[in-house]
Student: 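Shown below is the structure under consideration.
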Amino acid sequence: MTAAQIGLPRRLVVGGGAAAEVGCLVRDLGFARPLVVTDAFLVAQGTAARVVAALEGAGCATAVFDGTVPDPTTDSLGPGVEAVRAHGADCVIGLGGGSPLDTAKALAVLAVGGGTMRDYKAPTVTAGPALPVIAIPTTAGSGSEATQFSIITDSASDEKMLCPGPAFLPVAAVVDYELTLSMPARLTADTGVDALTHAIEAYVSRKANPFADGFALTAISTIARNIRPVYADGGDRDARAAMMLAATQAGVAFSNSSVALVHGMSRPIGAHFHVAHGLSNAMLLPAVMRFSVEAAPARYADCARAYGLSGGSDAALAQALVVAIDELCSDLEVPTPRDYGIEHSRWDELAPLMAQQALASGSPGNNPRVPDAEQIVALYDEVYG
């Protein structure tokens, strides 16, 4: 086995109320001029102000950039880079869901390394230089607080670019489930399935390794027990705490192994149809598992056991997991692309391009069963609904 290259945040502050400790964390790490990168919603909600108060209470000279957009684009990054430089920031704090965290990571690299995001697109792996990033997730799904990736859409081509490397790995993260208590049910479901996808793909990936495996299986087990309760009752604090921790564990898992075909196919859906990343993963997961499962029955069977299934051969358990995930997506009312309102003719028209973009990302090459473009087009047709 090839030696695994493991990357982790230097510090994790985990638990309810942890966000109040961000100022002390920043000072302990030796920084004094953070730029908080967030969105207008979290500013209006008051969450950003609470983080700023914690930072200023620790003596940090703090500025805020709230210009992040859903599925950040290359065009959306320009004002952020200017904000980093205007403040003289010595670190960047990403506050929000996957989009603000991806934006914060991109700004940290661009502000020091220069160039454009296309310069950092896979297969390029960026080790630095970059400003340090502290991540504060407000959704339980992307795991971006623990990953060495940023996803940025090219404004000119609508290509969702995977930008990997240690430069994008946060130096620290604050994982506070209380920040997720106001998440609506739809977002709770989509981000929860996103985290489950991360964990399953990390475990069945061709780049799986024993270090990442443990995080993946633990995350699968935790999500299986808690995703339905938290979808039904967003105020269930125990379930919220469990899902938040599982999302981070799944992030550690896939950052240190890889994602696979679901993510390869998901990014073009987000770029062309502006479907949120977690939701597009949820749309794809059952069909991609059906396509893949016979290529790695033992690995999928391990996932099934972690999910809480038992009995039968590895092959039978692997197939049972596919059925269970189908049932989960039904219970969580995950829409098909058709139900979401995407026109069939436009979907079919773009499917060949999306298949090529999926393959170009490299993620399908990590899948237990590696598809060609024609097979990916067929999968897009299957999931349309």
Side-chain angles (χ1 to χ4, degrees), residues 12 14-16 18 97 137-146 173 175-204 208 212-255 257 259 262 278-279 281-282 284-286 288-289 293 298-312 314 316-334:
L12 288 169
V14 181
T138 61
T139 62
S142 77
S144 187
E145 66 274 10
V175 184
D176 183 348
Y177 77 86
E178 292 182 355
L179 298 177
T180 71
L181 288 170
S182 61
M183 285 171 60
R186 179 74 268 141
L187 183 60
T188 296
D190 297 343
T191 54
V193 177
D194 189 21
L196 181 61
T197 304
H198 293 153
I200 292 173
E201 290 210 305
Y203 193 80
V204 303
D213 284 353
F215 287 95
L217 293 176
T218 299
I220 291 168
S221 178
T222 301
I223 293 166
R225 293 194 309 271
N226 289 281
I227 191 168
R228 285 183 175 90
V230 80
Y231 178 64
D233 177 11
D236 185 332
R237 297 176 74 90
D238 289 341
R240 285 286 190 199
M243 290 296 293
M244 192 69 164
L245 184 57
T248 299
Q249 291 169 329
V252 170
F254 86 81
S255 182
S257 56
V259 288
V262 173
L279 177 55
N281 278 346
L284 290 162
L285 182 58
V288 171
M289 286 179 62
V293 68
R299 300 295 283 184
Y300 281 105
D302 287 344
C303 294
R305 295 182 188 98
Y307 194 82
L309 306 178
S310 60
D314 281 356
L317 267 175
Q319 293 293 341
L321 179 65
V322 178
V323 174
I325 298 302
D326 238 337
E327 292 173 349
L328 175 67
C329 289
S330 176
D331 291 348
L332 299 179
E333 301 176 281
V334 174

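Position 1 is the first residue of the sequence; numbering continues from there.
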Student: Return the minimal non-hydrogen interatomic distance between L317 and G311, and the atom names on each side.
Tutor: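 In terms of heavy atoms, the two residues are closest at CG-O, 3.2 Å.
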
Student: So which atom in A247 and which in G141 form the shortest heavy-atom distance, rounded to 0.1 Å?
Tutor: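 Closest approach of A247 to G141: CB-N, 3.4 Å.
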
Student: Would E201 and F254 satisfy side chain to side chain contact (heavy atoms under 4.5 Å, CB included), going step by step from the backbone distance to the final call?
Tutor: CA-CA 7 Å; E201 290 210 305; F254 86 81; over 6 Å; no

Student: Measure the CD1-NE2 distance between I223 and H198 for me, rounded to the nearest 0.5 Å.
Tutor: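 Result: 9.5 Å between the selected atoms.
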
Student: Check whether any side-chain heavy atom of V293 lies under 4.5 Å from a side-chain heavy atom of L321, and answer yes or no.
Tutor: no

Student: So which heavy atom on A208 is nearest to which on R299, and how close?
Tutor: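 It is CB-NH2, 3.4 Å.
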
Student: When rounded to the nearest 0.5 angstrom, what is the spacing between OG1 in T191 and CE in M243?
Tutor: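 Spacing of OG1 (T191) from CE (M243) equals 6.5 Å.
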
Student: Minimum heavy-atom separation for Y203 to A216, with atom names?
Tutor: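 So the minimum-distance heavy-atom pair works out to CB-CB, 4.1 Å.
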
Student: Would you give the length of the straight line joining atom CE of M244 to atom CD of E145, rounded to the nearest 0.5 angstrom?
Tutor: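 Between M244 CE and E145 CD, I get 6.5 Å after rounding to 0.5 Å.
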
Student: In residues 224-233, what donor-acceptor pairs under 3.5 Å come from side-chain atoms, sequence neighbours left out?
Tutor:
{"unit_1": "R225", "atom_1": "NH1", "unit_2": "S221", "atom_2": "O", "d": "3.4"}
{"unit_1": "R225", "atom_1": "NH1", "unit_2": "S221", "atom_2": "OG", "d": "2.7"}
{"unit_1": "N226", "atom_1": "ND2", "unit_2": "T222", "atom_2": "O", "d": "2.8"}
{"unit_1": "R228", "atom_1": "NE", "unit_2": "D331", "atom_2": "OD2", "d": "2.9"}
{"unit_1": "R228", "atom_1": "NH2", "unit_2": "D331", "atom_2": "OD2", "d": "2.9"}
{"unit_1": "Y231", "atom_1": "OH", "unit_2": "L332", "atom_2": "O", "d": "3.4"}
{"unit_1": "Y231", "atom_1": "OH", "unit_2": "E333", "atom_2": "OE1", "d": "2.7"}
{"unit_1": "D233", "atom_1": "OD1", "unit_2": "G235", "atom_2": "N", "d": "3.0"}

Student: Under the side-chain contact (heavy atoms from CB on, under 4.5 Å) test against T139, which residue among L179, L187, T180 passes?
Tutor: L187

Student: May I have the step-by-step check of side chain to side chain contact (heavy atoms under 4.5 Å, CB included) for I220 and I200, ending in yes or no?
Tutor: CA-CA 7 Å; I220 291 168; I200 292 173; 3.9 Å; yes

Student: Mark yes or no for whether D176, through its side chain, and A18, through its backbone, hold a donor-acceptor pair below 3.5 Å.
Tutor: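 Checked: pair present.
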
Student: If every non-hydrogen atom of A195 is compared with every non-hydrogen atom of A250, which pair is closest and at what distance?
Tutor: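 Smallest interatomic distance, heavy atoms only, reads O-CB, 3.4 Å.
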
Student: D194 and S142: which non-hydrogen atoms are nearest, and at how many Å?
Tutor: OD2-CA, 3.7 Å

Student: Please report the C-alpha distance between Y307 and I325 in whole Å, then the side-chain angles of each, then the deciding distance to 0.1 Å, and finally whether the side chain to side chain contact (heavy atoms under 4.5 Å, CB included) criterion is met.
Tutor: CA-CA 10 Å; Y307 194 82; I325 298 302; 3.8 Å; yes

Student: Please evaluate residues V193 and T197 with respect to the criterion side chain to side chain contact (heavy atoms under 4.5 Å, CB included), reporting the C-alpha separation (whole Å), side-chain torsions for both, the decisive distance (0.1 Å), and the verdict.
Tutor: CA-CA 6 Å; V193 177; T197 304; 4.0 Å; yes

Student: Between atom OG1 of T188 and atom CZ of R240, what is the distance when rounded to the nearest 0.5 Å?
Tutor: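 T188 atom OG1 to R240 atom CZ measures 3.5 Å (nearest 0.5 Å).
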
Student: Within the side chain of T218, is there an N or O that forms a donor-acceptor pair under 3.5 Å with the backbone of F215?
Tutor: no

Student: Measure the OH-OG1 distance between Y177 and T248 for me, rounded to the nearest 0.5 Å.
Tutor: 14.5 Å

